[in-house]
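Reckoned from all heavy atoms, side chains included, excluding hydrogens, waters and symmetry mates. Order of the sequence lines fixes the chain letters, A, B, ..., with proteins taken first and strands second; residue numbering starts at 1 for each chain.
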Amino acid sequence: GAGVSQSPSNKVTEKGKDVELRCDPISGHTALYWYRQSLGQGLEFLIYFQGNSAPDKSGLPSDRFSAERTGGSVSTLTIQRTQQEDSAVYLCASSLALILGGAGGLDMTKNIQYFGAGTRLSVL
Amino acid sequence: TQLLEQSPQFLSIQEGENLTVYCNSSSVFSSLQWYRQEPGEGPVLLVTVVTGGEVKKLKRLTFQFGDARKDSSLHITAAQPGDTGLYLCAGAGGGADGLTFGKGTHLIIQP
């Protein structure tokens with residue numbers, strides 16, 4: 001597609017339910033990123049994928065959060081047993097390639113990210 | 001933990017005025033990026049500054065990276081209502097994955 005597509009755009013759920021958020025990256029983009037944007041907070045980096053692989057899952061807030069990517073394209077972020085503090089906008093971004101920096105982390109100067117519109121999750 | 005402090009958090013000014021938004025940290029970043037986010041949309045990259053002391057201009061927007069690569073500023077000249085939005089700075093580098101974002105500056109330009 002022309003841009004990063006996220007679905008659903010809005011999700012209201014009850015505490016304790018599981019939710020699945022979907023991200024369709026820009027066609028041909030090998031890298032995919034998930035962020036969380038809470039009210040009054042900045043964007044919090046959660047996880048990135050190079051192809052189908054997520055080398056570092058330590059940014060996920062708790063073990064209730066998981067993410068996967070299949071076919072090097074679509075990614076899903078799953079939150080199990082949702083809590084009210086999970087309420088936030090979950091943003092997905094993709095970049096053409098994944099370039100590592102000299103220190104071993106991502107070289108975000110070169111990994112230009114294109115963001116989707118996000119999924120607004122409300123946990124009642 | 002790398003932190004980016006943005007100021008002011010909120011700014012409402014009249015069309016035609018000038019303004020400056022600041023992004024400060026105690027950490028050194030390999031680069032700083034500025035994004036603009038409108039309601040219901042994801043952030044859109046405006047500029048990346050890489051070299052200490054670097055100045056980049058984007059029409060009426062001027063971005064500067066501090067000499068020590070710990071801070072940055074965004075200056076808007078003759079603000080227009082179309083400049084209204086959430087401006088986010090984000091730092092890259094230090095071996096950390098992803099970007100470290102500030103909380104943003106909510107800017108409202110009144111006609």
Side-chain angles (χ1 to χ4, degrees), chain A residues 3-6 9-10 23-26 31-50 53-60 67 89-96 98-120, chain B residues 1-10 21-25 27-52 54 56 58 63 65 69 72 85-106:
Chain A
V4 177
S5 178
Q6 291 188 246
S9 54
N10 286 283
C23 174
D24 266 292
I26 293 173
L32 185 146
Y33 315 79
W34 283 100
Y35 291 84
R36 178 169 71 174
Q37 187 173 29
S38 305
L39 191 63
Q41 302 295 321
L43 272 76
E44 175 188 4
F45 175 76
L46 300 179
I47 192 170
Y48 78 89
F49 287 88
Q50 167 66 343
S53 174
D56 183 2
K57 300 180 180 179
S58 63
L60 295 174
V89 176
Y90 289 83
L91 290 160
C92 173
S94 70
S95 64
L96 185 59
L98 192 77
I99 302 170
L100 298 179
L106 301 178
D107 184 344
M108 300 313 298
T109 303
K110 297 177 181 174
N111 297 315
I112 304 302
Q113 296 176 92
Y114 297 86
F115 283 84
T119 293
R120 181 176 295 279
Chain B
T1 303
Q2 297 174 312
L3 292 174
L4 276 170
E5 299 289 337
Q6 281 191 244
S7 61
Q9 291 185 36
F10 297 94
V21 175
Y22 299 93
C23 177
N24 296 297
S25 176
S27 302
V28 176
F29 292 97
S30 59
S31 67
L32 266 173
Q33 300 178 354
W34 284 91
Y35 290 80
R36 179 164 165 259
Q37 184 177 20
E38 297 193 46
E41 301 292 330
V44 176
L45 180 65
L46 296 175
V47 77
T48 301
V49 284
V50 179
T51 307
E54 181 178 3
K56 280 191 174 178
L58 188 65
F63 305 85
F65 202 11
R69 305 209 317 274
S72 181
L86 174 65
Y87 289 81
L88 296 159
C89 68
D97 290 331
L99 291 167
T100 300
F101 278 84
K103 293 182 180 181
T105 293
H106 293 268

Fill in the blank from the handout: Bottom line for A:Leu91: the part with an atom under 4.5 Å from chain B's heavy atoms is side chain
Practice task
Would you check if B:Phe101 and A:Phe45 make a side-chain contact, meaning some heavy-atom pair closer than 4.5 Å?
Solution key: no
Handout entry: A:Ile112 side chain reached by B:Leu45 side chain, heavy atoms, under 4.5 Å
Key = yes
Practice task
Decide yes or no on side-chain contact (heavy atoms from CB on, under 4.5 Å) for A:Leu43 and B:Leu99, but give the supporting numbers first.
Solution key: CA-CA 9 Å; A:Leu43 272 76; B:Leu99 291 167; over 6 Å; no
Completion exercise
Assert top hit (heavy-atom pairs under 4.5 Å, partner chain A, pool B:Glu41, B:His106, B:Glu38) equals B:Glu41
Exercise for the section: Could you tell me whether the side chains of A:Gln37 and B:Gln37 share a donor-acceptor contact shorter than 3.5 Å? Expected result: yes
Handout entry: Heavy-atom pair of closest approach, residues B:Gly40 and A:Ala117
Key = O-CB, 3.5 Å
